[in-house]
Amino acid sequence: GLKRREANVLVVGLDNSGKSTILNYLKRKEDQVEEIVPTVGYTVERLSGIERNRSGIALTAFDMSGQGRYRNLWEHYYDSVEGIIFVVDSTDALRLVVARDELEMLLKHQQVVLDNKSRMNDKQNGVHDDGHDESNKNGPNHEDLSTDMNQSINNDRSTSSKQDIPILFFANKMDLKEALPTVKISQTLGLHQLPHKQWHVQSSNALTGDGVQEGIDWLLVQLA
Ligand code: GTP
């Protein structure tokens with residue numbers, strides 16, 4: 001049979017975008033809830049999803065709500081998150097800019113945590129911090145050496161960078177007539193300027209599930 005693998009996927013997006021409804025759709029029938037209430041804080045959802053996806057990868061979603069939690073989130077889950085699902089309400093043109101700012105913040109915090117982690121690794125490997133008081137008192141030779149070392153660290157960092165984790169955007173509520181086209185959504189979110197190369201916008205109707213599986217399938221291909 002298929003080999004099972006767990007993949008932790010972060011589910012984020014503004015309130016009312018449809019995150020809980022999408023997760024609910026992806027759940028096993030017996031785990032689905034009839035009425036979805038607004039999320040307080042964040043909940044960790046474990047999705048079996050095995051019977052729904054051919055690759056046999058299990059998705060675990062961190063359903064976020066509330067602001068300013070990203071830093072905290074990345075610090076706890078950085079090592080385990082392999083992908084991001086970002087849900088957008090396609091009918092909420094006004095708040096698309098807010099969604100863009102949230103996306104930027106999310107990815108910025110990810111980068112900060114990444115930088116901190118690699119600095120911690122540097123320390124563990126016996127490499128001294130740049131700009132330490134003592135190094136200022138030393139001659140230029142020492143400085144040259146430390147610059148070389150930092151350069152080699154930067155090279156290591158770029159090869160092991162987790163910057164390229166795939167991001168799936170659900171342009172949700174596509175059933176409503178005021179829904180914006182996906183092209184407009186990717187433009188407003190500034191996706192072509194992202195450092196991430198693996199992203200995809202999938203229009204969806206979370207109420208019926210239209211487009212949801214297609215989006216998940218794209219993500220699963222990236223995670224395989
Ligand atoms: P928070 O928990 O507040 O963060 O919201 P959320 O992102 O989890 O949104 P939720 O799933 O609670 O959906 C918000 C509202 O939008 C609910 O009334 C849903 O029924 C509705 N909704 C979600 N997806 C769709 C969709 O694709 N089409 C339509 N028409 N309504 C949707």
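All ligand and atom numbering here is 1-based and tracks the order in the structure. What you see is a predicted model, and the numbers here were worked out from it, not measured in a lab. This chain uses plain numbering: 1 for the first residue, then up along the sequence.
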Which atoms of ligand 1 sit under 4.0 Å from any heavy atom of Ser17? 7 (O), 9 (O)
List ligand 1 atoms under 4.0 Å from Ser20, heavy atoms only on the residue side. 2 (O), 6 (P), 8 (O), 11 (O)
Inter- and intrachain pairs under side chain to side chain donor-acceptor pair (under 3.5 Å), touching residues 167-186, at least two apart: Asp89-Lys173, Asn172-Ser204
With a 4.0 Å cut-off, would you call Arg95 and Asp15 a salt bridge? yes
N/O of Asp15 under 3.5 Å from N/O of ligand 1, yes or no? no
Show the nearest heavy-atom pair for residues [X] and [Y], with the distance to one decimal.
| X | Y | answer |
| --- | --- | --- |
| Ala206 | Val212 | CA-CG2, 4.4 Å |
| Asp164 | His196 | OD1-CA, 3.8 Å |
| Leu106 | Phe86 | CD2-CD1, 4.4 Å |

Under the side-chain contact (heavy atoms from CB on, under 4.5 Å) rule, collect the residues that match up with Gln222, sequence neighbours excluded. Pro166, Gln198, Trp218
For atom 11 (O) of ligand 1, which of the options Val11, Thr21, Leu176, Val12 provides the nearest non-hydrogen atom? Thr21
Using heavy-atom distances only, which candidate in Lys19, Lys173, Met174 approaches atom 22 (N) of ligand 1 most closely? Lys173
Going by heavy atoms, is Leu14 under 4.0 Å from ligand 1? yes
Any Gly13 heavy atom less than 4.0 Å to ligand 1: no
Heavy-atom pairs closer than 4.0 Å: do any link ligand 1 to the side chain of Asn205, the backbone, both, or neither? both
